[in-house]
K.L.:
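Just passing along the structure, written as structure tokens.
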Amino acid sequence: MRIGVLTGGGDCPGLNAVIRAVVRKGVKEYGHEFVGFRDGWRGPLEGLTMQLDIAATRGILPRGGTILGSSRTNPFKIENGVERIKENLANAGIDALIAIGGEDTLGVATKLDTLGVKVIGVPKTIDNDLNNTDYTFGFDTAVNIAVEAIDRLHTTAESHHRALIVEVMGRHAGWIALHSGLAGGAACILIPEQTFSIEKVCEWVESRFKTNYAPIIVIAEGAIPQEGDMVVKDATLDSFGHVKLSGIGEWLAQEIEARTGKEARTSVLGHIQRGGSPSAFDRVLATRFGLHAITAAHEGDWGKMVALHGTDIVRVPLISATEKLKTVDPALYKEAEIFFG
Ligand code: F6P
């Protein structure tokens with residue numbers, strides 16, 4: 001078979017590990033050929049390809065980003081997008097696609113599957129919000145980066161008796177905030193799933209100062225105050241209908257200063273969470289996803305996504321990954337609340 005591989009959406013540590021595993025097993029065990037499609041769905045849409053063989057994937061396991069490039073191109077928002085993809089796949093002699101992506105990329109893959117394109121999905125996102133998989137790769141790396149930042153902020157916050165706010169990624173789901181806040185001993189964690197009371201946050205800040213510790217507040221970019229709205233950096237919608245977030249941390253710092261009289265500053269971790277080398281956990285998870293994805297393709301089990309259930313890699317219907325978002329369970333958030341303040 002001749003199989004196309006693409007990576008779409010926000011990049012994430014571990015993408016190269018998936019590509020390497022797909023190609024290595026696909027060539028060595030099954031004798032398949034591969035074509036790399038550049039920049040997410042833009043690749044098949046515009047016929048942008050690159051060579052993808054064992055030599056091209058040597059040495060990429062620890063490298064962040066994606067050798068294929070990525071984009072947020074939505075072929076369903078482009079005139080004749082689907083026809084153009086089908087035509088380009090046929091011209092390049094492609095039998096099937098392995099699409100590595102999050103809700104948007106796999107949402108497109110799901111629709112294409114119903115339109116007759118043979119496709120296997122691999123779940124990626126630092127946000128860990130894809131449904132029907134216990135974890136996505138990239139999440140563990142992002143959490144470790146955030147925890148390192150929180151550890152560093154603790155010492156400077158204490159030296160200066162400041163409240164320090166760490167704004168992490170997480171548009172609709174607070175997984176990064178919850179895990180990094182718990183692991184980093186935050187004075188409170190604010191997630192998109194539950195609106196927060198600014199008064200309560202100020203109480204926690206003041207009580208943490210009373211214990212001679214300086215408070216660290218971890219807030220997801222999509223967290224919403226009870227007394228306000230989601231803070232957006234740019235309200236323009238991308239081709240999947242998303243606005244650009246960021247700014248809630250700064251808003252919170254100003255409110256805390258005004259209400260408590262304590263100095264408050266914000267660090268926005270932003271794309272630092274997505275860049276650089278994947279953690280060992282993510283390298284292993286991404287590699288296993290890649291190995292199972294190529295086997296699913298070899299067996300012609302189209303319309304499936306590889307997923308982590310417990311410690312097993314299983315195949316689930318592609319549609320189940322995106323039919324709803326995997327958000328933080330209120331009971332899980334409640335567990336963390338005991339440490340607030
Ligand atoms: O989808 C993953 C994610 O990391 C979100 O948490 C964040 O809102 C978004 O990507 C930002 O991505 P970009 O700046 O590339 O549009």
Side-chain angles (χ1 to χ4, degrees), residues 6-15 18 38-42 64-66 68-74 77 99-109 121-131 133 135-147 149 166-181 189-193 218-224 229-251 266-279 282 285-286 305 321-322 324-328:
L6 65 88
T7 53
D11 72 340
C12 139
L15 286 167
V18 180
R38 304 279 325 179
D39 301 343
W41 291 113
R42 188 187 297 146
T66 160
L68 297 176
S70 193
S71 75
R72 295 191 186 275
T73 308
N74 183 353
K77 285 283 162 64
I100 312 165
E103 53 166 326
D104 300 329
T105 305
L106 296 185
V108 170
V122 178
K124 77 82 231 192
T125 168
I126 65 163
D127 295 346
N128 197 37
D129 57 2
L130 275 173
N131 193 44
T133 182
Y135 288 100
T136 50
F137 65 87
F139 172 65
D140 182 68
T141 308
V143 168
N144 278 300
I145 292 166
V147 171
V166 189
E167 184 186 299
V168 297
M169 278 187 173
R171 211 190 292 253
H172 305 295
W175 293 108
I176 298 177
L178 182 71
H179 281 234
S180 63
I189 302 166
L190 306 171
I191 61 173
E193 290 86 341
V218 179
I219 185 164
E221 61 184 353
I224 305 171
D229 286 326
M230 189 184 255
V231 177
V232 300
K233 193 173 173 187
D234 180 350
T236 323
L237 300 182
D238 69 14
S239 69
F240 287 97
H242 306 301
V243 293
K244 280 200 184 74
L245 295 179
S246 187
I248 186 67
E250 198 43 54
W251 179 87
T266 298
S267 298
V268 180
L269 297 189
H271 296 92
I272 291 170
Q273 295 157 98
R274 288 209 323 228
S277 200
S279 66
D282 280 337
L285 181 59
M305 178 185 83
T322 54
K324 63 175 187 195
L325 217 58
K326 186 183 70 187
T327 51
V328 173

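Position 1 is the first residue of the sequence, and the numbers go up from there. Just follow the structure's listing: the first ligand is 1, and inside any ligand the first atom is 1.
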K.L.:
Can you sort out the partners of R72 under salt bridge (Lys or Arg N to Asp or Glu O under 4.0 Å), two or more places apart, ordered by chain and number?
P.N.:
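None.
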K.L.:
Taking side-chain hydrogen bond (donor to acceptor under 3.5 Å, both in side chains) as the test, write out the residues that go with S71, two or more places apart.
P.N.:
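T73.
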K.L.:
Donor-acceptor pairs under 3.5 angstrom involving side-chain atoms of residues 268-279: please list them, not counting sequence neighbours.
P.N.:
unit_1: Q273; atom_1: OE1; unit_2: M169; atom_2: N; d: 3.0
unit_1: Q273; atom_1: NE2; unit_2: G270; atom_2: O; d: 2.7
unit_1: R274; atom_1: NE; unit_2: D11; atom_2: O; d: 3.1
unit_1: R274; atom_1: NE; unit_2: D11; atom_2: OD1; d: 3.0
unit_1: S277; atom_1: OG; unit_2: P62; atom_2: O; d: 2.7
unit_1: S277; atom_1: OG; unit_2: R283; atom_2: NH2; d: 3.0
unit_1: S279; atom_1: OG; unit_2: D140; atom_2: OD2; d: 2.5
unit_1: S279; atom_1: OG; unit_2: T141; atom_2: OG1; d: 3.4
unit_1: S279; atom_1: OG; unit_2: D282; atom_2: N; d: 3.2

K.L.:
Classify the angle between the aromatic ring planes of H172 and H242 as parallel (below 30°), tilted (30 to 60°) or perpendicular (above 60°).
P.N.:
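H172 vs H242 ring planes: tilted.
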K.L.:
Between N128 (side chain only) and W175 (backbone N and O only), is there a donor and an acceptor less than 3.5 Å apart?
P.N.:
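Looks like no, no N/O pair under 3.5 Å.
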K.L.:
Answer yes or no: are there more than 12 heavy-atom neighbours, outside Y135 itself, under 6.0 Å from its atom OH?
P.N.:
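Counting neighbours around OH of Y135, 12 or fewer heavy atoms of other residues, nucleotides or ligands fall under 6.0 Å, so no.
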K.L.:
Does ligand 1 have any N/O atom under 3.5 Å from a protein N/O, and what are those pairs and their distances?
P.N.:
unit_1: ligand 1; atom_1: 1 (O); unit_2: D127; atom_2: OD2; d: 3.4
unit_1: ligand 1; atom_1: 4 (O); unit_2: R274; atom_2: NH1; d: 3.4
unit_1: ligand 1; atom_1: 6 (O); unit_2: D127; atom_2: OD1; d: 2.9
unit_1: ligand 1; atom_1: 6 (O); unit_2: D127; atom_2: OD2; d: 2.9
unit_1: ligand 1; atom_1: 6 (O); unit_2: G170; atom_2: N; d: 3.4
unit_1: ligand 1; atom_1: 6 (O); unit_2: E221; atom_2: OE2; d: 3.1
unit_1: ligand 1; atom_1: 8 (O); unit_2: E221; atom_2: OE2; d: 2.6
unit_1: ligand 1; atom_1: 10 (O); unit_2: R72; atom_2: NH2; d: 3.4
unit_1: ligand 1; atom_1: 10 (O); unit_2: R274; atom_2: NH1; d: 2.9
unit_1: ligand 1; atom_1: 12 (O); unit_2: R72; atom_2: NH2; d: 2.9
unit_1: ligand 1; atom_1: 12 (O); unit_2: R274; atom_2: NH1; d: 2.9
unit_1: ligand 1; atom_1: 14 (O); unit_2: H271; atom_2: NE2; d: 2.7
unit_1: ligand 1; atom_1: 15 (O); unit_2: R72; atom_2: NH2; d: 3.4
unit_1: ligand 1; atom_1: 15 (O); unit_2: R274; atom_2: NH1; d: 3.3
unit_1: ligand 1; atom_1: 15 (O); unit_2: R274; atom_2: NH2; d: 2.9
unit_1: ligand 1; atom_1: 16 (O); unit_2: R72; atom_2: NE; d: 3.4
unit_1: ligand 1; atom_1: 16 (O); unit_2: R72; atom_2: NH2; d: 3.4

